[in-house]
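Just so it is clear, the values below take in all heavy atoms, side chains as well, and ignore hydrogens, waters and symmetry mates. So that the names make sense, note that chain A is the first sequence line, chain B the second, and so on, each numbered from 1.
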Amino acid sequence: MAESPITARGKDFATWYQDVVLAGDMAEPAEIVKGCMVIRANGYAVWEALQRELDARFKATGHQNMYFPLLIPKSFLEKEAEHVEGFSPELAVVTIAGGKELEEPYVIRPTSETIIGHFFAKWIHSWRDLPLLVNQWANVIRWELRTRLFLRTTEFLWQEGHTAHATHEEALEEVLRMLDVYADVAENVMAMPVIKGLKTQSEKFAGAVSTYSIEAMMQNGLALQAGTSHDLGQNFGKAFDVKFQNKEGQLDYVWQTSWGVTTRLIGAMIMTHSDDKGLVLPPKVAPTKAVLVPIYRKDEERSAVLEAASKIATDIGAKLDDREGQSPGAKFYHWERRGVPVVLELGPRDLASGNVVLKRRDTGVKEVAPQQGIAARVPAVLDRIQADLFAAAKQRLDENTVYANSIEEVEDILRPVSAEKGGGRFVMAHMKDDARCDARIKEFKATIRCIPLVDHCEGPGKCIVTGESVDRRVVIAKAY
RNA sequence: CGGGGCGUAGCGCAGCCUGGUAGCGCACCUGCCUUGGGCGCAGGGGGUCGGGCGUUCAAAUCGCCCCGCCCCGACCA
């Protein structure tokens, strides 16, 4: 097993994250107060970019956006036994309103299966009403014991899709279709490779028949669940009496799905790409893709440089940083911290030579390019950065994925080697989807992340805990 | 709820042990100067030292009590 290059983002990753990436208002994506997020301009613009990409795909697959109430009667939650059991500990409950004790308390939505189930029951009567494909962009509250900016906050923003279908087959297709949409956005927009897989029964969503997820690896080797898609079976259909008459004239409960991604994606992206200098954003989500910094000394230079800079900035759609009273150096650092993929420099020297200097945020490499054709060069460089970021992350994932053939070997691989490297690896081993196996892995402070949809190697083998035959290896890792 | 730590200027901190009228860096304001990777110099504004009580001639500093925050563990997108 080769020593991985990710130790610099090891145990002390939280400190790095806090001090470097989120340092005060230097990078200004967000801050946290009382476990809740304040997302500032730079961070929110990233979220908007993700929303655009996701929403376009939801629409393309026939979904409609709707909005449902924030406050849900507590009794709704109680209709599905597993659901209420899973969410009870983290509910925020409203018991007083309008100065009076409420007859029935409301919960602030931790997720909307129940209230949407309530409305589905009113709206669905016939097979002709199906499938019903709904998405909601909203905030939710989950009272977690421990919060971490972007990764786990009391309140977070997300999208939750909720669909109802006439058959289980069709519902399952939807579950996998949306999982594919998430993987597509993660890999092709966020430049973050993911593993698609099925959660074990112990790890599934409370109230689901089965849960699928995409799992990503952060720079320190820890896993992060980046999106989930649930097959709800008829559990909520039965709980909320969502019945329809099928083509044969018989009554049946609908088959439902739900799926979501959250503002955690922003954190995932930061921890996948950023470095000690601050944010590194993939061009496709970067709020500002290119900035041009003009450089001049004297007044006569100033007007000539600014005129040329303004023209070039307009041509390539870059932001012109013409702030007075800031040195060029200060401006370079400013944009570097904020993760702007490309920063261009234009000074008297370039004016004379007809060139412009172009610097990549990801590699730090500078190139001198002719002003002629820069409008085509910048997009090409942005594409290249996007591709290189993905490739680097993929390589990191591959290099830190190892195979184990016994439980001892798993333990050995996951054992913290040093303070920096807290066992941050993906371990592939044959394991059965059995609570005993999940429990055994938890002893190493790790979890079975998923049973990959695509067999990554070798095929069948014997479970390293129960000895039973299983058809493929699962992903085991420590996680955020 | 356990185990640690911290509250002093907008932010980050020193001062506390050994009480004596509050300081540094960054940021901010003014002027000059500079600008190809955080310019420099000079001047300036800004603080009920988390709160209360006590000890003392005198408390940021010592004692007691409260309050708040952060980190680590248990819960999780």
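- A/Leu149 places its CG atom 10 Å from the P atom of B/C71, with the value rounded to the nearest Å.
- For the pair A/Leu151 CG and B/C75 P, the computed distance is 17 Å after rounding to whole Å.
- Of the residues in residues 289-296 of chain A, those lying under 4.0 Å from RNA chain B by heavy-atom distance are A/Ile295, A/Tyr296.
- Environment of CH2 in A/Trp143: sparse, with no more than 12 heavy atoms of neighbouring residues, nucleotides or ligands closer than 6.0 Å.
- Not one N or O on the side chain of A/Lys432 forms a donor-acceptor pair closer than 3.5 Å with the backbone of A/Cys437.
- B/A77 has A/Phe156 stacked on its base ring, the centres lying under 5.5 angstrom apart and the planes within 30 degrees of parallel.
- Near RNA chain B, defined here as any heavy-atom distance below 4.0 Å, the residues from residues 341-375 of chain A are A/Glu345, A/Gly347, A/Pro348, A/Arg349, A/Asp350, A/Val357, A/Lys359, A/Lys366, listed numerically.
- Taking the P atom of each, B/C49 and B/G23 are spaced 14 Å apart, rounded to whole Å.
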> Going through the checks in order, is the side chain to side chain donor-acceptor pair (under 3.5 Å) test met by A/Glu203 and A/Thr447?
Replying inline: CA-CA 9 Å; A/Glu203 295 282 328; A/Thr447 45; 5.2 Å; no
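- Side chain of A/Arg360 to backbone of A/Glu367: no donor-acceptor contact under 3.5 angstrom is found.
- Taking atom C1' in both B/C62 and B/G44, one finds a spacing of 37 Å when rounded to whole Å.
- Heavy atoms of other residues, nucleotides or ligands lying less than 6.0 angstrom from CD of A/Glu85 number 12 at most.
- Atom CG of A/Asp299 and atom P of B/U34 are 11 Å apart (whole Å).
- What separates NZ of A/Lys331 from P of B/G36 is a distance of 11 Å, to the nearest Å.
- Of the nucleotides present, B/G5 is the one that pairs with B/C69 by Watson-Crick or G-U wobble criteria, both distances under 3.5 Å.
- Residues of residues 437-451 of chain A that place a heavy atom closer than 4.0 Å to RNA chain B do not occur.
- In this structure, A/Ser229 reaches neither bases nor backbone, as no heavy-atom distance under 4.0 Å exists between it and the strands shown.
- One can place CE of A/Met190 at 17 Å from P of B/A77, the figure rounded to the nearest angstrom.
- Judged by distance alone, with hydrogens and angles left aside, the side-chain atoms of A/Ser229 form no donor-acceptor pair with the main-chain N or O of A/Leu176 at under 3.5 Å.
- Looking at heavy-atom distances under 4.0 Å, A/Thr262 makes contact with a base.
- Spacing between B/G37 and B/A42 at atom C1', rounded to whole Å, works out to 26 Å.
- Counting to the nearest Å, the C1' atom of B/G36 and the NZ atom of A/Lys298 are 13 Å from each other.
- B/C29 and B/U21 have their P atoms separated by 33 Å, with the value rounded to a whole Å.
- As a whole-Å value, the separation of A/Gln225 CD from B/A77 P is 5 Å.
- Counting any heavy atom pair closer than 4.0 Å across all strands shown, A/Pro89 reaches no nucleic acid atom.
- Taking atom C1' in both B/C70 and B/C32, the straight-line distance is 44 Å, to the nearest Å.
- Looking at A/Gln201, its side chain does come within 3.5 Å of a backbone N or O of A/Val209 through a donor-acceptor pair.
- A perpendicular orientation is assigned to the rings of A/Phe236 and A/His83, their planes being inclined by more than 60° (bins at 30° and 60°).
- Remark: side-chain polar atoms of A/Thr153 are not paired, donor with acceptor, to backbone N or O of A/Leu149 under 3.5 angstrom.
- In this structure, A/Glu187 contributes its side chain and A/Val194 its backbone to a donor-acceptor pair below 3.5 Å.
- With sequence neighbours excluded, the residues satisfying side chain to side chain contact (heavy atoms under 4.5 Å, CB included) with A/Ala223 are A/Glu215, A/Phe426, A/Arg449, A/Ala477, A/Ala479.
- Nearest nucleotide to the A/Arg297 side chain, out of B/U35, B/G37, B/A77: B/U35.
- Between B/G46 and B/A9, the distance separating the two P atoms is 15 Å to the nearest Å.
- Of the P atoms belonging to B/U18 and B/G2, the separation is 32 Å, rounded to the nearest Å.
- One can place OH of A/Tyr182 at 14 Å from P of B/A77, the figure rounded to the nearest angstrom.
- Each of A/Phe205 and A/Phe332 was assigned the nucleotide of RNA chain B with the nearest heavy atom; the assignment lying further toward the 5' end belongs to A/Phe332.
- Pairing of B/U34, defined by two Watson-Crick or G-U wobble distances under 3.5 Å, is not identified with any nucleotide.
- Using a distance-only test at 3.5 Å, with no hydrogens or angles considered, a donor-acceptor pair links the side chain of A/Gln371 to the main chain of A/Asn355.
- The separation of B/G15 from B/C67, taken at their C1' atoms, amounts to 24 Å, rounded to a whole angstrom.
- With sequence neighbours left out, A/Lys394 forms a side chain to side chain donor-acceptor pair (under 3.5 Å) with A/Asp398.
- Partners of A/His63 under the side chain to side chain contact (heavy atoms under 4.5 Å, CB included) rule, at least two apart in sequence or in another chain, are A/Phe58, A/Thr61, A/Leu133, A/Thr163, A/Glu174, A/Met178, A/Trp259.
- Nearest nucleotide to the A/Arg264 side chain, out of B/U35, B/A77, B/A74: B/A77.
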